[in-house]
Colleague: 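Take a look at this one; I'll ask things after.
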Amino acid sequence: MKHLIIIDMNILNEEWIPKYTENVTPMVERYGGKYLARTPEIKKLEGNKDLPQFSVVVEFPSKEAAEKFYNSAEYLPYKQSRQEGSESNILLLPLEG
């Protein structure tokens with residue numbers, strides 16, 4: 001079953017972003033992932049929670065593929081730079097249908 005990784009992010013500094021984007025985009029693709037959205041254009045339809053500055057949605061062919069990517073040694077240095085340069089909430093959920 002396909003799964004989505006959804007990231008809501010507030011950027012603390014932008015220094016990490018070019019290297020992250022350049023290297024992580026092909027990495028995601030090697031794990032079978034496909035970006036569905038990478039955008040600061042977010043509109044709240046309901047709720048009290050503050051909007052993030054940036055949201056990312058990535059589709060993976062399976063839960064296992066998404067977790068392999070996220071937990072890979074290859075991704076680790078980029079994950080660390082993202083964590084140091086932003087505040088993020090990351091969710092993994094099944095894509096029904």
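Hydrogens, waters and symmetry mates are skipped; everything else that's a heavy atom, side chains included, is used.
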Colleague: With a 4.5 Å limit on heavy-atom distance, are the side chains of F60 and K68 in contact?
Modeller: no
Colleague: At their closest point, which heavy atom of P77 faces which heavy atom of A73, and how far apart are they?
Modeller: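 Answer, listing the atom of P77 first, then A73: CD-O, 3.4 Å.
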Colleague: If you define the side chain from C-beta out and look only at heavy atoms, does anything of R82 sit under 4.5 Å from S88?
Modeller: yes
Colleague: So, T21 side chain and P18 main chain: donor-acceptor pair closer than 3.5 Å or not?
Modeller: no
Colleague: Starting at CD1 of I17, measure out to CE of M9 and round the result to the nearest 0.5 Å.
Modeller: 7.5 Å
Colleague: Measuring from L92:CG to I7:CD1, what's the distance to the nearest 0.5 Å?
Modeller: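 These two atoms lie 11.0 Å from each other.
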Colleague: Could you check whether atom NZ of K44 has more than 12 heavy atoms from other residues, nucleotides or ligands sitting under 6.0 Å from it?
Modeller: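 Atom NZ in K44 is crowded, with more than 12 foreign heavy atoms closer than 6.0 Å.
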Colleague: Near Q53 CD, under 6.0 Å, is it more than 12 heavy atoms from other residues, nucleotides or ligands?
Modeller: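 Yes, the 6.0 Å shell around CD holds more than 12 heavy atoms from other groups.
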Colleague: Counting only heavy atoms not in K79, do more than 12 fall under 6.0 Å of its NZ?
Modeller: yes
Colleague: Between K49 and N89, does the side-chain contact (heavy atoms from CB on, under 4.5 Å) criterion hold? Intermediate values first, please.
Modeller: CA-CA 13 Å; K49 190 176 175 185; N89 289 309; 4.1 Å; yes
Colleague: Work out which heavy atom in P61 is nearest to a heavy atom in G32; give both atom names and the distance.
Modeller: CD-O, 3.2 Å
Colleague: If you round to the nearest 0.5 Å, how far is NZ of K34 from CG of L4?
Modeller: 10.5 Å
Colleague: Any chain of hydrophobic side-chain contacts (each under 4.5 Å) joining I42 to L36?
Modeller: no
Colleague: Can you measure from CE (M1) to CG (L95) and round to the nearest 0.5 angstrom?
Modeller: 8.5 Å
Colleague: Test of understanding: clusters of I, L, V, M, F, W, Y form through side-chain heavy atoms closer than 4.5 Å, transitively. Do F54 and L51 belong to the same one?
Modeller: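 No, it is not one cluster - the side chains of F54 and L51 are not joined through contacts under 4.5 Å.
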Colleague: How far apart are the closest heavy atoms of N13 and E84, and which atoms are they?
Modeller: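 In terms of heavy atoms, the two residues are closest at ND2-O, 4.5 Å.
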Colleague: As an exercise, state the distance from CD of Q80 to OH of Y20, rounded to the nearest 0.5 Å.
Modeller: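 One gets 12.0 Å once the value is rounded to the nearest 0.5 Å.
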Colleague: Taking atom CD of E67 and atom CD of E64, what is their separation to the nearest 0.5 Å?
Modeller: 7.0 Å
Colleague: Short question: side chain of T39, backbone of E41 - any donor-acceptor pair under 3.5 Å?
Modeller: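 It does hold such a pair.
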Colleague: Not counting sequence neighbours, which residues clear salt bridge (charged side-chain N to carboxylate O under 4.0 Å, His left out) with E74? List them please.
Modeller: R30
Colleague: Would you mind reporting whether I90 and I6 have side-chain heavy atoms less than 4.5 Å apart?
Modeller: no
Colleague: What residue pairs, at least two apart or across chains, pass ring pair (Phe, Tyr, Trp, His ring centres under 6.0 Å) with a residue in residues 21-48?
Modeller: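 Residue pairs passing ring pair (Phe, Tyr, Trp, His ring centres under 6.0 Å), neighbours aside: Y31-F69.
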Colleague: Provide the closest heavy-atom pair for H3 versus K63 in the form atom of the first, atom of the second, distance.
Modeller: ND1-N, 3.4 Å
Colleague: I'd like to know if the side chain of W16 reaches the main chain of G85, judged simply by a donor and an acceptor atom lying under 3.5 Å from each other, with no hydrogens or angles considered.
Modeller: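 Checking the backbone N and O of G85 against the side chain of W16, a donor-acceptor pair under 3.5 Å is found.
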Colleague: Below 30° counts as parallel, above 60° as perpendicular, anything between as tilted: where do the rings of Y75 and Y70 land?
Modeller: tilted
